[in-house]
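Everything numeric in this text was worked out from a predicted model, so none of it was measured. Naming: A, B, ... by sequence-line order, numbering from 1 per chain.
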There are 2 protein chains.
Amino acid sequence: MELRSIHYFVAIAEVGNISTAAVKLRIAQPALTRHIKQLEGELNTILFNRLARGVQLTASGREFLEYAYRIVNEVAQARQEITGLSSKPK
Amino acid sequence: MELRSIHYFVAIAEVGNISTAAVKLRIAQPALTRHIKQLEGELNTILFNRLARGVQLTASGREFLEYAYRIVNEVAQARQEITGLSSKPK
DNA sequence: CGACTTTACGGGTCGCGTAAGTATA
DNA sequence: TATACTTACGCGACCCGTAAAGTCG
């Protein structure tokens, strides 16, 4: 499980379809599909129901989304805090 | 910044030297050095002081370690929770 | 049948391990 | 000079994008 995949997952969840998310993320749709598939494989869980007009979070997906937000926030906070330290010399 | 690098960072911090951590992590020392270098590059911060007999956390390193633990825990929790769901069918 | 997702496939890049180099006590 | 970290380098694996195929309302 990698942070990039989590970011991708969040983007798709927010947009509701893979194609649009791919444009936003500046990658091709197939690559995005693969990331999600891999994530689902690692978690052994389906995160999205595939519909004709996009995707929709499953119950597991909704739960994972909460963790995803928490993780992303932690990371952003860490980065900001630590990077900030270097600009305050000693 | 990737989760793997964070795990590696934690392992080194706990052991106090890169070589031993590499053995535990089942990768070669140079690979581990590179991961940490990259992490330091991304954070624009030195995380370890390199000593003759291993490495030691800097102040920034100690701070980052706290975030690292939090992130790793969140991820472990998410994985466990979500993977667990799949075994409880509907 | 139209919009979206998935699979196939070749190509480029990134990361790994081995080996050589550097530094410090 | 012994121990540990770093840099060099060649190779294999992984990931990406394009193109083709599949799926569902």
Side-chain angles (χ1 to χ4, degrees), chain A residues 1-62 64-65 68 72 75 79 82 86, chain B residues 1-62 64-65 68 71-72 75 79 86:
Chain A
M1 179 151 50
E2 284 301 337
L3 283 178
R4 185 147 41 128
S5 305
I6 297 177
H7 276 111
Y8 289 170
F9 167 76
V10 170
I12 297 175
E14 290 180 344
V15 165
N17 85 50
I18 295 180
S19 316
T20 312
V23 174
K24 280 199 175 182
L25 294 169
R26 307 274 201 148
I27 65 173
Q29 293 92 340
L32 201 43
T33 290
R34 286 187 295 252
H35 275 282
I36 296 306
K37 282 243 151 196
Q38 186 191 332
L39 196 53
E40 291 180 327
E42 287 180 24
L43 295 173
N44 199 37
T45 306
I46 301 298
L47 297 171
F48 292 107
N49 288 316
R50 276 71 168 175
L51 310 172
R53 297 281 174 133
V55 297
Q56 188 172 24
L57 284 169
T58 61
S60 301
R62 281 193 296 277
F64 185 65
L65 183 59
V72 167
V75 170
R79 193 190 324 257
I82 302 299
S86 73
Chain B
M1 179 152 48
E2 285 301 336
L3 283 178
R4 183 146 43 128
S5 306
I6 298 177
H7 277 111
Y8 288 171
F9 167 77
V10 170
I12 298 175
E14 290 181 343
V15 166
N17 84 52
I18 294 180
S19 315
T20 310
V23 174
K24 281 199 176 183
L25 295 169
R26 307 271 200 149
I27 64 172
Q29 295 90 343
L32 200 43
T33 291
R34 285 188 296 252
H35 274 283
I36 296 306
K37 282 245 151 196
Q38 186 191 333
L39 195 53
E40 291 180 326
E42 287 180 24
L43 295 172
N44 199 37
T45 306
I46 300 299
L47 297 171
F48 292 107
N49 289 316
R50 277 71 168 174
L51 310 172
R53 297 282 175 131
V55 297
Q56 188 171 26
L57 284 169
T58 61
S60 301
R62 280 192 296 276
F64 185 65
L65 184 58
I71 293 165
V72 166
V75 170
R79 191 188 327 254
S86 73

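- Side-chain contact check for B:L39 versus B:F64: some heavy-atom pair is nearer than 4.5 Å.
- Between chain A and DNA chain D, the heavy-atom contact criterion of under 4.0 Å yields a 5' to 3' nucleotide range of D:dC16 to D:dG25.
- Rounding to whole angstrom units, CG of residue A:N49 and P of C:dC4 are separated by 17 Å.
- Using a distance-only test at 3.5 Å, with no hydrogens or angles considered, no donor-acceptor pair links the side chain of B:Q29 to the main chain of B:A22.
- Side chain of B:E40 to backbone of B:L47: a donor-acceptor contact under 3.5 angstrom is found.
- Between the C1' atom of C:dT5 and the CG atom of A:N17 lies a distance of 10 Å, rounded to the nearest Å.
- Not one N or O on the side chain of A:S60 forms a donor-acceptor pair closer than 3.5 Å with the backbone of A:T45.
- Mapping A:K37 and A:A52 onto DNA chain C by nearest heavy atom places A:A52 closer to the 5' end of the strand.
- If you run ring pair (Phe, Tyr, Trp, His ring centres under 6.0 Å) between A:H35 and each of A:F9, A:F48, A:Y8, only A:Y8 comes through.
- Summarising the geometry of B:I12 relative to B:V55, their closest heavy-atom pair is CG2-CG2, 3.7 Å, with the distance given to 0.1 Å.
- Note that the two end axes of the helix from C:dC1-D:dG25 to C:dA25-D:dT1 enclose an angle of 40°, each drawn from 5 base pairs, rounded to 10 degrees.
- Near-neighbour residues of DNA chain C inside residues 22-32 of chain B, defined by a heavy atom below 4.0 Å, number-ordered: B:I27, B:A28, B:P30, B:A31.
- When each of B:T33 and A:L51 is assigned the nucleotide of DNA chain D bearing its nearest heavy atom, the one mapping closer to the 5' terminus is B:T33.
- Residues B:L3 and B:I71 have side chains in contact (heavy-atom distance under 4.5 Å, counting atoms from C-beta outward).
- Across all non-hydrogen atoms, the minimal contact from A:I18 to A:L32 is O-CD2, 3.5 Å.
- Taking atom CZ of A:R34 as the reference point, atom C1' of C:dT7 lies 9 Å away to the nearest angstrom.
- Contact of the A:I6 side chain with the A:M1 side chain is registered, since non-hydrogen atoms from C-beta on lie closer than 4.5 Å.
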